[in-house]
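Residue numbers begin at 1 in each chain, while the letters A, B, ... track the order of the sequences. No experiment lies behind these values; they were computed from the predicted model shown.
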There are 2 protein chains.
Amino acid sequence: MADLAKVSEATVSRVLNNVGPIKEETRQRVIDAANELNYAPSALARNFATSKSGNIGVILPYLPKVNMFSTYFFSEILSGIGSMSREFGYDLLLLFRPMDDVLNYYSQLFHTHKVDALIVLGSKEDPIELEALRRLKEEGRHFCLINQHYDGEGFSEVDATHEKGSYEAVTHLIQQGYKEIAFINGPDEYSNSRERSAGYRRALHDHGLEVNQSLLFTGNFGRKSGYAVASSVFARLNEVDAIFASNDRMAIGLHQGLRDLGIPWNQLPGMIGFDDSDIAELTTPTLSSVKVPFFQMGELAAENLLSRLRPSSLGMQDHFRIQLPTELMIRESSLRTDSKEE
Amino acid sequence: MADLAKVSEATVSRVLNNVGPIKEETRQRVIDAANELNYAPSALARNFATSKSGNIGVILPYLPKVNMFSTYFFSEILSGIGSMSREFGYDLLLLFRPMDDVLNYYSQLFHTHKVDALIVLGSKEDPIELEALRRLKEEGRHFCLINQHYDGEGFSEVDATHEKGSYEAVTHLIQQGYKEIAFINGPDEYSNSRERSAGYRRALHDHGLEVNQSLLFTGNFGRKSGYAVASSVFARLNEVDAIFASNDRMAIGLHQGLRDLGIPWNQLPGMIGFDDSDIAELTTPTLSSVKVPFFQMGELAAENLLSRLRPSSLGMQDHFRIQLPTELMIRESSLRTDSKEE
DNA sequence: CCGTTTTATGTACGCGCGTACATTTTCTCA
DNA sequence: TGAGAAAATGTACGCGCGTACATAAAACGG
């Protein structure tokens with residue numbers, strides 16, 4: 001390669017990296033030679049020399065449980081991350097949270113140079129998880145969380161306005177005339193569950209309604225957990241006239257459960273889900289939902305992390321906290337009359 | 001590290017890689033030292049030294065079009081690949097097919113040692129794509145295709161019995177008494193589209209029915225393309241009594257389109273989708289579909305590739321072609337009476 | 001107890017780049 | 001035209017492992 005262009009390896013390196021002054025003729029000779037030989041520098045050697053992997057890691061909850069979340073959530077975020085990473089010339093390393101040893105795992109991803117930055121999805125409050133994240137921060141690593149907030153830790157986070165989204169959803173139900181609104185939430189270990197709960201309570205309170213403890217349910221974001229709640233809701237059907245679910249999958253599970261218990265589709269309680277996943281408009285009636293800009297959240301997470309990896313980023317605040325707005329998507333399931341009565 | 005254990009770097013390396021004879025006491029000393037210092041070898045240096053990246057690459061269609069396929073398809077396959085990769089100690093590098101330059105891209109992934117093996121998803125017949133794959137084969141790379149077959153190329157492939165699945169689905173419709181079965185297929189560039197078409201035709205033929213050209217439609221696997229076909233189907237509603245769709249998303253799009261055109265849900269034509277994605281049981285009526293074991297296909301692809309990377313795999317056939325069975329999942333949408341009449 | 005294996009460990013080098021520094025070539029302007 | 005500065009290129013070394021080969025230590029056999 002160097003020989004063919006009749007220059008030293010160093011010059012080749014300079015041309016390929018666009019660094020230092022190069023005579024135009026030389027540059028061309030090198031490029032021609034590279035094309036002729038179909039030469040491409042070994043990413044491995046290059047990474048080794050610069051001790052940077054060129055990868056951005058994405059942590060996913062450990063496999064069997066991926067489906068606890070909607071795949072929509074992950075697909076969108078991953079697409080967003082992937083889209084931005086590519087613009088920065090980074091590749092995307094998909095990593096699954098190990099069942100044990102999380103503490104070392106995160107840290108070693110950096111130490112072994114598997115990744116230059118890390119995005120953690122599906123993180124939830126847990127002593128070990130927290131400890132592992134703190135360690136990353138101590139070590140000055142570039143990482144960020146999506147859709148999860150740790151209070152007072154100063155982690156970088158990209159989140160959405162879950163409290164507000166929840167407030168708006170419940171308010172909408174109330175305005176539609178619903179008064180007894182059941183709430184099926186996700187586990188409290190997720191900050192967004194707690195925020196949605198707060199929004200739910202605030203909306204009830206602002207409209208002079210009381211929280212009815214017996215109408216509060218907890219699922220695990222999976223469809224089945226929504227389905228499982230159906231019987232409890234069914235038993236209280238005299239006192240429940242609407243349901244707010246913490247994500248679409250649970251809403252749909254609940255919907256199915258109620259249908260299976262014999263409720264005709266046009267006599268279902270009012271329903272609103274969360275996430276505005278693609279399935280929201282596939283149900284009958286179509287499901288109102290709170291839209292969360294997952295794709296964009298993925299993009300922003302990647303963009304902020306990667307731009308801080310650039311040499312030119314000196315002086316840039318090394319820590320960021322972004323909160324994107326949610327949006328209430330009103331469809332048939334939450335409307336009192338109209339299409340639901342078809 | 002080496003100092004703390006009072007051994008040479010070489011011995012450390014041997015202990016950590018479990019190679020060569022080591023005195024038990026020495027091993028322990030090294031391990032203790034490693035724990036104490038929280039030492040982990042640099043993956044980068046190690047990979048460089050062995051010139052293996054430790055990554056298995058997965059090519060996805062370029063981003064904006066990911067949603068052309070159901071995300072279900074990708075989620076399942078990726079999960080399968082990820083699950084198996086982890087067992088082999090490989091990491092999963094997510095790669096997006098570039099719009100240009102595919103030809104060099106694939107090849108250079110290996111040349112630059114970004115990946116040790118490659119799985120291509122969403123591949124479709126195309127001169128450049130084919131050329132790029134041929135080059136990989138020439139270069140002796142370890143790669144495989146999922147859900148796509150190239151005739152006579154001898155590529156490694158993990159596929160499903162699309163023809164048979166299709167045949168069974170259409171046969172089922174016929175047995176339910178449907179006689180005029182429209183077919184909305186995916187683009188012909190995908191081998192599985194061609195196979196499904198063959199199955200459709202064979203089923204009609206075997207039951208003495210004719211193919212009605214005006215009932216054949218082509219979508220792009222997206223929901224919207226199914227929706228777009230609705231009006232054509234609607235116009236022929238007198239001659240159509242069932243629809244077989246090449247995937248669930250199109251089936252559901254079509255379903256929605258017909259609903260929007262005013263057809264009550266219990267007077268829809270019989271319908272069967274393909275893939276058996278999670279949304280199939282969320283519709284009203286629930287959608288019959290042909291189940292494809294995507295997760296397992298991902299597992300098998302990874303397993304076969306990675307096991308061939310091991311030193312012990314000498315003599316193993318370097319090329320494999322696997323075809324997994326599909327399964328007809330009968331739900332409400334294809335049944336003539338019963339639950340559909342609720 | 002010594003020679004001979006066998007086992008255990010150390011030494012030295014290469015993997016293929018990037019880059020600081022040394023050197024050569026070209027340019028500038030007196 | 002020649003000296004000094006600027007531009008262009010070459011030289012040499014390190015990044016942190018794995019591993020072939022050299023060497024030392026232990027085991028064995030007579």
Using side chain to side chain contact (heavy atoms under 4.5 Å, CB included) as the criterion, point out the one residue from B:I119, B:L109, B:L60, B:V120 that pairs with B:L95.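 Among B:I119, B:L109, B:L60, B:V120, the one that satisfies the side chain to side chain contact (heavy atoms under 4.5 Å, CB included) with B:L95 is B:L109.
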Out of the candidates A:V15, A:V7, A:D32, A:T11, only one should pair with A:R27 under the side chain to side chain contact (heavy atoms under 4.5 Å, CB included) rule; please name it.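 Result for side chain to side chain contact (heavy atoms under 4.5 Å, CB included) with A:R27: A:V15.
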With sequence neighbours left out, which residue pairs that include part of residues 112-149 of chain A fulfil the ring pair (Phe, Tyr, Trp, His ring centres under 6.0 Å) condition?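 Matches after skipping sequence neighbours: A:F143-A:F155.
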Quantified as the angle between the terminal helix axes (five pairs each), what is the overall bend of the helix from C:dC1-D:dG30 to C:dA30-D:dT1 to 10 degrees?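 Computed from the C1' atoms at both ends, the axes differ by 30°.
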Angle class for the A:F48/B:F48 ring planes (parallel below 30°, perpendicular above 60°, tilted otherwise)?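 Ring orientation, 0 to 90° scale: parallel.
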Atom-to-atom span, [atom1] of [X] to [atom2] of [N] - whole angstrom:
X: A:K52; N: D:dG16; atom1: NZ; atom2: C1'; answer: 18 Å
X: A:L16; N: C:dG18; atom1: CG; atom2: P; answer: 7 Å
X: B:H111; N: C:dC15; atom1: NE2; atom2: P; answer: 14 Å
X: A:E25; N: D:dA8; atom1: CD; atom2: C1'; answer: 12 Å

Please tell me if the side chains of A:K52 and A:Y90 come closer than 4.5 Å, counting only heavy atoms from C-beta onward.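 Yes, side chains in contact.
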May I ask you to say whether B:R135 pairs ionically with B:E138, meaning some side-chain N is under 4.0 Å from a carboxylate O?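 Salt bridge absent between B:R135 and B:E138.
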Under-4.0 Å salt bridge between A:K124 and A:E129: no
So does A:Y39 get a side-chain nitrogen or oxygen closer than 4.0 Å to the phosphate oxygens (OP1/OP2) of C:dC17?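 Yes, such a contact exists.
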State the CZ-CD1 distance between B:F88 and B:I56, to the nearest 0.5 angstrom.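 Reported value, rounded in 0.5 Å steps: 9.0 Å.
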Under 6.0 Å between the ring centres of A:F73 and A:F221?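 Judged by ring-centre distance (under 6.0 Å), A:F73 and A:F221 do not meet the cut-off.
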Within residues 41-48 of chain B, find the residues that approach DNA chain D with a heavy atom at under 4.0 Å, and present them sorted by residue number. B:P41, B:S42, B:A45, B:R46, B:F48
Would you classify A:T50 as touching base, sugar-phosphate or nothing, given that sugar-phosphate means primed atoms plus P, OP1 and OP2, and contacts are heavy atoms under 4.0 Å?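 Sugar-phosphate, backbone atoms only, no base.
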B:E125 meets the side chain to side chain donor-acceptor pair (under 3.5 Å) criterion, sequence neighbours left out, with B:R194
Could you pull out all residues at least two apart from B:D100 that satisfy side chain to side chain donor-acceptor pair (under 3.5 Å)? none
Every protein N/O lying under 3.5 Å from an N/O of nucleotides 7-10 of chain C:
| from | atom 1 | to | atom 2 | distance (Å) |
| --- | --- | --- | --- | --- |
| C:dT9 | OP1 | B:T26 | OG1 | 2.2 |
| C:dT9 | OP2 | B:K23 | N | 2.9 |
| C:dG10 | OP2 | B:S8 | N | 2.8 |
| C:dG10 | OP2 | B:S8 | OG | 2.9 |
| C:dG10 | OP2 | B:T11 | OG1 | 2.6 |
| C:dG10 | N7 | B:R14 | NH2 | 2.7 |
| C:dG10 | O6 | B:R14 | NH1 | 3.1 |

